Amino acid sequence: MNEKKSVYLETSFISYLTGRPSRDVIAAGHQAVTQEWWEKESEYYHLVVSELVVREAQRGHEEAAARRLSAIDGIELLQISDEAIDFADSLLANNVIPRVATADAIHVSMAAINGIDYLLTWNCKHIANADQRQYIEMLCIENNYKPPVICTPEELMRGD
């Protein structure tokens, strides 16, 4: 039997999964795709989150935070290590991810240093950005990490 591939669920995924239906057509589309992925695809993967995802999920409106935390309850929790901080610092120092997006660098670092197969996100500004992915991948390889496949839920649908 094949071992399940691993997926790091970044906070934007959790937010779209648990958010109230949006009136914005693009956000509503992201929410629908996220719900579909969760219902039809998530069971085929080994899901993980990090301490940072939990901290970010706790922020904001109390009811919304409770929904986010409930969604990730029971999912494997990765601890933020010195190694993760060091690699995130490298992503920032090399301008692969801008300094204003330190949390995004930590998400990428957590997936990379833990050998996670996929990083699932809706953050297309700093993480799932076609222009930046190549630099993230190169820096991972230079630091002897297997780069995670960075993608949106729409991109991680099985083809059957």
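In this chain, numbering begins with 1 at the start of the sequence shown. Predicted model, so just to flag it, every value in this text is computed and none were measured.
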So CZ of Arg59 and CD of Glu56: to nearest 0.5 Å the spacing works out to 5.5 Å

How would you list, by chain and number, every residue that makes a side chain to side chain contact (heavy atoms under 4.5 Å, CB included) with Glu43, sequence neighbours excluded? none

Around Gln79, counting heavy atoms of other residues, nucleotides and ligands shown, do more than 12 lie under 6.0 Å from its CD? yes

To the closest 0.5 Å, what do you measure between NE2 (His61) and CZ (Arg20)? 6.0 Å

Which pair of heavy atoms, one from Arg68 and one from Ala57, lies closest together, and at what distance? NE-O, 3.0 Å

Nearest-0.5 Å distance, CD1 of residue Ile75 to OH of residue Tyr8: 11.5 Å

In Å, rounded to the nearest 0.5 Å, how long is the span from CZ of Phe87 to CG of Leu92? 10.5 Å

Search all heavy atoms of Leu91 against all heavy atoms of Ala105 and return the closest pair with its distance. CD1-O, 3.5 Å

Can you tell me how far NE2 of His107 sits from OG of Ser12, rounded to the nearest 0.5 angstrom? 8.0 Å

Measure the shortest side-chain to side-chain distance between Met138 and Val96 over non-hydrogen atoms and say whether it is less than 4.5 angstrom. no

Going by heavy atoms in the side chains, are Ile72 and Ile14 under 4.5 Å from each other? yes

Charged N to carboxylate O under 4.0 angstrom, Arg133 versus Glu155? yes

Other residues, nucleotides and ligands only: do more than 12 of their heavy atoms fall within 6.0 Å of CG on Asp24? yes

Greater than 12 external heavy atoms within 6.0 Å of Glu154's CD: no

Interatomic spacing from CG in Asp104 to CG in Asn123 - rounded to 0.5 Å: 4.5 Å

Do any N or O atoms from the side chain of Glu51 and from the backbone of Ile80 form a donor-acceptor pair under 3.5 angstrom? yes

Quick one: sort the Trp37 and Tyr45 rings into parallel, tilted or perpendicular, breaks at 30° and 60°. parallel

Over all heavy atoms of both residues, which pair between Val108 and Ile127 is shortest? Give the atoms and the distance, please. CG2-CG2, 4.1 Å

Mind listing the closest non-hydrogen atom pair of Gln31 and Ser22 along with its distance? OE1-N, 2.8 Å

Side-chain donor/acceptor of Gln35 to backbone N/O of Leu17, under 3.5 Å: yes

Just by distance, no angles: are the side chains of Glu83 and Ser81 close enough, under 3.5 Å, to form a donor-acceptor pair? no

Side-chain heavy-atom pair Leu77, Val48 within 4.5 angstrom cut-off: no

The single option from His46, Lys5, Lys146 passing side-chain hydrogen bond (donor to acceptor under 3.5 Å, both in side chains) against Asp117: Lys146

